[in-house]
Amino acid sequence: MIKKEKYSTKKASQYNIWRTIFQWIVCKIGYMTRLKLIYRIEIHGKENIPKDNNYIVCPNHLSTLDPPMMGAVMPRRVAFMAKKELFDIPFIRWWLDWLGAFAVDRENLGPSTIKTAKIIKDSSWVLGIFPQGTRGIPGEIRGVTSGFAGIAKLTKCNILPVGILGTEENKHIPFTGKIIINIGEIIPYDKNTELVKEKWIESIQNLTGYKYIEDNCEENQND
């Protein structure tokens, strides 16, 4: 039986030159080649990326292509949170681990998550979180919780919103796909997690043209 706690807590020594080289080869060479050849990727707003690593990369989420794509686009290596169930699969477990990802329980962000987030901040990497938690539907922004804002509060990090368009279409023929990445202006650190969440939603709506839909709105109307 796999001990998931082994993959939920990273040591500073694990964000080393070997994982740096591995992510660089996989993302910046492998995935970026595919993105340019198959999808005709466009990237806007690179000037909004801070020079330091005192921020958390927070994109909307459409497909499994999104995490390695962000690793290809960002100037620093990105360590994403990944749902713990993925670490049950041997090859994927190894793959994610070497890409710098770590396991989280989306229903209960424990102390190990905060500890690893702080370790990443103290390294030369940056933390990556999908505030939606899981893949969404094009045109909609759903399932946003304030968990990412809570981690930003505890680590005193800013938020870098990133709007992703087009990764939901799985293409294989050259130049048949189109991906647009819009990097927004930094959302400054704030102790008010709900305010940070609202600012992220507003920014992602502007960056993607998608509409935010509150999942519990219908339940509230029926109460």
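Just so you know, residue 1 is the first one in the sequence shown, and it goes up from there.
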field: Qualifying residues under side chain to side chain donor-acceptor pair (under 3.5 Å), relative to D122, sequence neighbours excluded
entry: none
- prompt: For R19, what residues pass the side chain to side chain donor-acceptor pair (under 3.5 Å) criterion, not counting sequence neighbours?
  reply: D97
message: Are Y212 and I159 linked, directly or through intermediate hydrophobic residues, by side-chain heavy-atom contacts shorter than 4.5 Å (ILVMFWY only)?
response: yes
- prompt: Do you know the tightest heavy-atom contact between L62 and L165?
  reply: CD1-CA, 4.3 Å
message: Please report the interatomic distance CD(E85) to CD1(I92), rounded to the nearest 0.5 Å.
response: 12.0 Å
message: For residues 174-189, which residue pairs pass the side-chain hydrogen bond (donor to acceptor under 3.5 Å, both in side chains) check, not counting sequence neighbours?
response: E42-K178
field: CD1 on I187 to NZ on K199, rounded to 0.5 Å
entry: 7.5 Å
- request: Only pairs at least two apart or in different chains count here, so list each ring pair (Phe, Tyr, Trp, His ring centres under 6.0 Å) that has a residue in residues 129-171.
  value: H61-F130, F80-F130, F148-W200
message: I'd like to know if the side chain of R93 reaches the main chain of L86, judged simply by a donor and an acceptor atom lying under 3.5 Å from each other, with no hydrogens or angles considered.
response: no
- prompt: About how many Å separate CD1 of I49 and CD1 of I43, when rounded to the nearest 0.5 Å?
  reply: 8.5 Å
- request: Determine, step by step, whether I141 and N60 satisfy the side-chain contact (heavy atoms from CB on, under 4.5 Å) criterion, reporting the C-alpha distance in whole Å, the side-chain angles of both residues, the deciding distance to 0.1 Å, and the verdict.
  value: CA-CA 8 Å; I141 303 170; N60 62 304; 5.6 Å; no
query: Side chains of V73 and M32: does their closest heavy-atom pair fall under 4.5 Å?
result: yes
query: NZ of K36 to CD1 of I179: how many Å apart, nearest 0.5 Å?
result: 13.0 Å
message: For E198, give me all partners under side chain to side chain contact (heavy atoms under 4.5 Å, CB included), at least two apart in sequence or on another chain.
response: L195
task: Assess whether side-chain contact (heavy atoms from CB on, under 4.5 Å) is satisfied between T167 and Y39, documenting all intermediate values.
output: CA-CA 9 Å; T167 57; Y39 289 95; over 6 Å; no
Flag side-chain contact, heavy atom, 4.5 Å: L37 against F175: yes
field: Student check: side-chain heavy atoms of T20 and Y15 closer than 4.5 Å
entry: no
message: Ignoring hydrogens and geometry beyond distance, is a side-chain donor-acceptor pair present between N54 and K121 at under 3.5 Å?
response: yes
message: Are Y210 and I137 linked, directly or through intermediate hydrophobic residues, by side-chain heavy-atom contacts shorter than 4.5 Å (ILVMFWY only)?
response: no
task: With sequence neighbours excluded, give me every side-chain hydrogen bond (donor to acceptor under 3.5 Å, both in side chains) pair touching residues 130-158.
output: E140-R142, R142-D215
task: List the steps, then state whether side-chain contact (heavy atoms from CB on, under 4.5 Å) holds for V57 with M70.
output: CA-CA 9 Å; V57 181; M70 294 311 304; 4.0 Å; yes
field: Where at least one partner belongs to residues 165-176, residue pairs that pass salt bridge (Lys or Arg N to Asp or Glu O under 4.0 Å), sequence neighbours excluded
entry: E169-K171
task: Give a yes-or-no answer on whether the side chains of R77 and S124 include a donor-acceptor pair shorter than 3.5 Å.
output: yes
message: Under 4.5 Å between side-chain heavy atoms, counting indirect links through other Ile/Leu/Val/Met/Phe/Trp/Tyr residues: same cluster for L65 and I173 or not?
response: no
message: Ring centroids only, cut at 6.0 angstrom: are F102 and Y7 within range, meaning strictly under it?
response: no
Test item: N206 side-chain N/O and S203 main-chain N/O as donor-acceptor pair under 3.5 Å: no
Sequence-distant partners of I114, side chain to side chain contact (heavy atoms under 4.5 Å, CB included), two or more places apart: K118, I151, L154
message: My understanding is that only residues two or more places apart in sequence, or in another chain, count here; which of them pass side chain to side chain donor-acceptor pair (under 3.5 Å) with K197?
response: none
- prompt: Sequence neighbours excluded, which residues qualify as side chain to side chain donor-acceptor pair (under 3.5 Å) partners of N170?
  reply: R34
- request: Identify the heavy atoms of T208 and G163 that sit nearest to each other, and give their distance.
  value: CG2-CA, 3.5 Å
message: Give me the atom names and distance for the closest heavy-atom approach of P67 to S63.
response: CD-O, 4.0 Å
- request: Grab the two heavy atoms, one from P50 and one from L160, that are nearest each other, plus how far apart they are.
  value: CD-CD1, 4.3 Å
- prompt: Taking all atoms of both residues into account, what is the closest heavy-atom pair of T9 and K115, and its distance?
  reply: CG2-CD, 4.1 Å
- prompt: For the atom pair CD1 (I213) and NZ (K211), what is the distance rounded to the nearest 0.5 Å?
  reply: 6.0 Å
Please list every donor-acceptor pair under 3.5 Å in which a side-chain atom of residues 21-30 meets a protein atom from a residue at least two apart or in another chain.
residue, atom, partner, partner atom, Å
Q23, OE1, V78, N, 3.0
Q23, NE2, V78, O, 3.0
Q23, NE2, L99, O, 2.7
K28, NZ, A72, O, 3.2
K28, NZ, M74, O, 2.7

query: Is there a side-chain contact (heavy atoms from CB on, under 4.5 Å) between I41 and M69 once you walk through the steps?
result: CA-CA 10 Å; I41 186 171; M69 181 179 69; 4.3 Å; yes
message: So, taking the atom named CG in L207 and the one named CD1 in I181, what distance separates them when rounded to the nearest 0.5 Å?
response: 11.5 Å
Non-hydrogen atoms of I186 and P161 that approach each other most closely: CA-CD, 4.4 Å
statement: Residues pairing under salt bridge (Lys or Arg N to Asp or Glu O under 4.0 Å) where one sits in residues 62-72, two or more places apart or in two chains, turn out to be none
field: R40 (side chain) donor-acceptor with L35 (main chain) under 3.5 angstrom
entry: no
Cluster link W18 to W94, ILVMFWY, side chain under 4.5 Å: yes
